[in-house]
There are 4 protein chains.
Amino acid sequence: MIKTERKQSILSSAEKLFAEKGFFSTSIADIIQDANIARGTFYIYFDSKNAIFDELIEDFIQSIDQSIYRINISDPSRDPFIQLKDNILRVANLLYNRSHLTKIILTYATGINHDLDQKINDFYKKIINLINSAIKLGIQMEIIRPCQSEIIALCILGCIKEVAHSLFTHENPSDKLNEIVDELINFSLRGLLNT
Amino acid sequence: MIKTERKQSILSSAEKLFAEKGFFSTSIADIIQDANIARGTFYIYFDSKNAIFDELIEDFIQSIDQSIYRINISDPSRDPFIQLKDNILRVANLLYNRSHLTKIILTYATGINHDLDQKINDFYKKIINLINSAIKLGIQMEIIRPCQSEIIALCILGCIKEVAHSLFTHENPSDKLNEIVDELINFSLRGLLNT
Amino acid sequence: MIKTERKQSILSSAEKLFAEKGFFSTSIADIIQDANIARGTFYIYFDSKNAIFDELIEDFIQSIDQSIYRINISDPSRDPFIQLKDNILRVANLLYNRSHLTKIILTYATGINHDLDQKINDFYKKIINLINSAIKLGIQMEIIRPCQSEIIALCILGCIKEVAHSLFTHENPSDKLNEIVDELINFSLRGLLNT
Amino acid sequence: MIKTERKQSILSSAEKLFAEKGFFSTSIADIIQDANIARGTFYIYFDSKNAIFDELIEDFIQSIDQSIYRINISDPSRDPFIQLKDNILRVANLLYNRSHLTKIILTYATGINHDLDQKINDFYKKIINLINSAIKLGIQMEIIRPCQSEIIALCILGCIKEVAHSLFTHENPSDKLNEIVDELINFSLRGLLNT
DNA sequence: GATGAATGAGTCTTCATTCAT
DNA sequence: AATGAATGAAGACTCATTCAT
């Protein structure tokens with residue numbers, strides 16, 4: 001087995017186990033058993049149990065990050081709402097396809113590694129800022145009603161996280177992504193009231 | 001020190017530490033040091049590390065549960081929206097005042113105790129159901145527009161959790177509860193669009 | 001409750017528990033619960049867990065010791081065999097009536113207290129010597145055939161211990177003492193062969 | 001050091017210490033110190049302190065069991081008394097060579113492990129039954145005088161145990177096995193009386 | 001005398017990490 | 001590169017004993 005394959009195989013086992021049992025309840029013994037390698041071999045590829053967890057999480061938040069494109073409002077041929085929906089769909093698809101990692105970050109509890117806590121916090125802050133800026137822009141353009149955009153940004157992130165947690169964290173996650181995303185956007189834009 | 005005081009003091013130390021460092025990274029040594037008691041004393045009051053954690057969580061979800069009153073729609077003198085807002089305010093105040101416990105349940109990672117996992121799941125399901133029923137009722141009464149109420153219920157829970165997490169989890173949580181709750185309700189009812 | 005009664009009550013609980021669960025598996029908590037006293041009270045009457053065990057054992061081996069009378073062979077009016085049988089019957093009755101203590105000494109494992117080990121050893125040695133002297137006397141008097149009396153003394157002690165263990169250690173010990181003692185004496189004197 | 005050697009070395013240390021100090025007074029710390037290994041190494045080879053004790057005892061009673069051959073009375077060329085003596089000699093040699101284990105089982109106090117208690121009880125019951133059947137057969141064949149064979153079987157087991165305990169449990173156990181076994185058989189067959 | 005809360009040394013057990021082969 | 005035996009620090013938990021009330 002070539003180096004990168006072996007590394008992937010270990011990452012894959014760890015990902016599965018961390019999602020199932022959590023970081024602390026997953027032991028190196030569990031991982032090497034699942035990956036079918038010797039104890040020492042694990043430490044050839046990763047410095048520590050923390051290190052493999054970090055790598056998993058960091059790679060994942062980076063992929064999510066890369067699947068979010070900045071919304072272009074200067075080009076009149078591209079509807080910003082469609083760009084928004086495309087972003088959400090791309091992220092949703094990513095979460096859907098990596099349900100183990102989705103579960104891991106959505107139930108991530110601090111206390112494993114301070115650096116990692118920081119990185120995850122920064123990631124969420126970045127998303128909040130992104131949403132926040134979009135809302136503020138919308139308010140300027142008078143598409144969106146005046147509001148405390150920071151609070152609303154939190155709400156929208158919360159919606160996404162809770163829905164993702166509920167839908168993509170099960171063995172057979174829902175596949176009606178499009179419908180669900182529509183519902184979510186609709187709710188965010190129009191609210192519940194029957195007007 | 002009388003028995004109940006001592007127990008409270010231990011609970012208090014544990015609550016603080018679990019919130020700061022997480023369940024697994026908090027040792028009995030940490031707790032007894034903080035509570036300024038001997039090792040054996042801890043075990044007079046609690047059977048195990050799991051037991052004290054369970055007690056903390058169970059008591060908290062019970063308080064939250066008890067602060068939510070069923071909304072009465074048959075009495076025309078009581079505006080259901082005000083009843084809703086009162087519920088949210090009561091819960092918000094509770095979370096605000098018990099910020100350690102709020103942090104603990106909002107970053108709760110499964111795997112500590114299967115029974116507890118179940119109880120927390122049940123609690124969230126109960127809340128989802130409450131919201132879901134309210135939405136369905138609203139739809140019937142044509143106050144609320146037709147929608148996939150299950151998804152929307154998740155959204156609303158997500159909003160509450162994320163806002164709570166962001167605001168009540170810091171050392172000096174925001175005290176503009178009323179404003180925040182208004183913003184949240186407004187968002188849920190009207191959405192973002194400027195109509 | 002007067003002092004001696006309370007002490008007896010504690011001794012009684014300890015005796016029962018040591019017999020049931022063994023010295024190490026019986027905790028002070030078990031004893032005070034059974035005796036219905038507070039923790040501190042125990043230490044008014046006994047210095048330590050070892051101390052109560054020692055007292056129990058020492059008193060018991062002393063009673064056994066006192067129930068064995070030296071056999072008088074100079075008085076022709078008293079058949080030595082009857083004196084022997086009377087001795088055995090007295091001991092047997094004692095064991096029968098104190099089945100808890102019988103179980104404790106018969107399953108006594110060293111390692112609790114070096115002094116006590118010594119005392120029990122000395123007690124058994126004394127009995128062995130008693131039997132040994134009796135046999136030697138019998139040989140001199142030509143009642144008993146020549147033999148290695150030390151080995152035979154061990155055999156006889158072994159017979160008594162094993163029979164006692166089997167019979168007096170159960171919930172309802174056998175009450176056919178007389179028959180059993182006859183059988184034992186017969187075996188020792190005549191052996192198994194059909195002559 | 002190869003795995004089986006290391007395991008033997010640990011078993012050997014444990015055997016010595018359990019014999020010297022008893023199960024409860026022997027700590028894992030004692031064993032690993034004597035075996036000159038690290039704490040964790042012990043747990044590579046044995047699941048627990050109970051487990052190593054069980055293994056020691058079970059293996060030993062199995063060896064004893066296997067050294068006892070069923071006595072063949074249908075073959076006229078083989079004297080049953082010689083077969084009996086051979087059995088006793090084989091067991092005696094085994095006990096003589098494993099004096100630590102001999103001490104352990106002869107002072108075994110119940111309460112360490114219920115399964116093990118059962119196995120040891122069963123083992124002794126099996127021996128009692130063996131002796132009992134032999135006596136009954138002897139009675140039928142009119143070699144042995146009529147008697148309460150159950151009591152006598154206990155006596156014979158008691159003789160063997162006490163003699164074994166006294167002789168093989170010391171640092172330098174007696175090596176006059178043949179003589180001792182003869183004495184024991186003689187006593188059992190002929191008793192003490194000078195006829 | 002009686003109480004029972006408090007103590008802390010001692011015990012078993014786990015597990016991430018190392019390193020000689 | 002791969003192995004897996006060995007390590008030992010760190011953790012949870014127990015329990016005989018003490019002592020202020």
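Letters A, B, ... mirror the listed sequences (proteins, then strands); counts begin at 1. Keep in mind the model is a prediction, meaning the values are calculated, not measured.
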Heavy-atom pair of closest approach, residues [X] and [Y]:
X: A:K16; Y: A:D34; value: NZ-OD2, 2.6 Å
X: A:L17; Y: A:T26; value: O-OG1, 3.2 Å
X: C:E15; Y: C:I104; value: O-CD1, 3.6 Å
X: D:T102; Y: D:L95; value: OG1-O, 2.9 Å

**OP:** Indicate the ring-plane relationship of B:F53 and B:F18, choosing parallel, tilted or perpendicular according to the 30° and 60° boundaries.
**Re:** perpendicular

Heavy-atom side-chain contact between [X] and [Y] under 4.5 Å:
X: C:I57; Y: C:K119; answer: no
X: C:Y108; Y: C:L116; answer: yes
X: D:I64; Y: D:I105; answer: yes

**OP:** To the nearest Å, give me how far apart CD1 (D:I44) and P (F:dT3) are.
**Re:** 17 Å

Subject >> Whole-Å distance separating the OH atom of B:Y43 from the P atom of F:dC15 >> reply: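 The distance from OH of B:Y43 to P of F:dC15 comes to 13 Å, rounded to the nearest Å.
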
Original post:
Is the NZ or CZ atom of C:K49 positioned over C:F23's six-membered ring, under 6.0 angstrom from the centre and within 45° of the axis?
Top reply: yes

**OP:** Would you give the length of the straight line joining atom NZ of D:K7 to atom CD1 of D:I52, rounded to the nearest 0.5 angstrom?
**Re:**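 It comes to 8.5 Å.
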
Original post:
For D:F60 and D:L56, what are the C-alpha separation, side-chain angles and deciding distance, and is it a side chain to side chain contact (heavy atoms under 4.5 Å, CB included)?
Top reply: CA-CA 6 Å; D:F60 190 49; D:L56 239 20; over 6 Å; no

Original post:
Which residues within residues 45-55 of chain C lie with some heavy atom under 4.0 Å of an atom in DNA chain F?
Top reply: C:S48, C:K49

Subject >> DNA chain F contacts made by residues 2-36 of chain D, counting heavy atoms under 4.0 Å >> reply: D:K3, D:R6

**OP:** Heavy atoms of chain D, cut-off under 4.0 Å: which first and last nucleotide of DNA chain E, 5' to 3', fall inside that, if you could look?
**Re:** E:dC12 to E:dC15

Subject >> Contacts of B:S27 that satisfy side-chain contact (heavy atoms from CB on, under 4.5 Å) - sequence neighbours left out >> reply: B:A29, B:D30

Original post:
In what stems does DNA chain F take part, counting only runs of at least 3 consecutive Watson-Crick or G-U pairs whose two distances fall under 3.5 Å?
Top reply: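 E:2-21 with F:2-21 - these are the stems of 3 or more pairs that involve DNA chain F.
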
Subject >> B:F42 vs D:A38, nearer the 5' end of DNA chain F by closest nucleotide >> reply: D:A38

Result block: side-chain N/O donor-acceptor pairs under 3.5 angstrom for residues 35-48 of chain B, not counting sequence neighbours:
from	atom 1	to	atom 2	distance (Å)
B:S48	OG	B:N50	N	3.4
B:S48	OG	B:A51	N	3.0

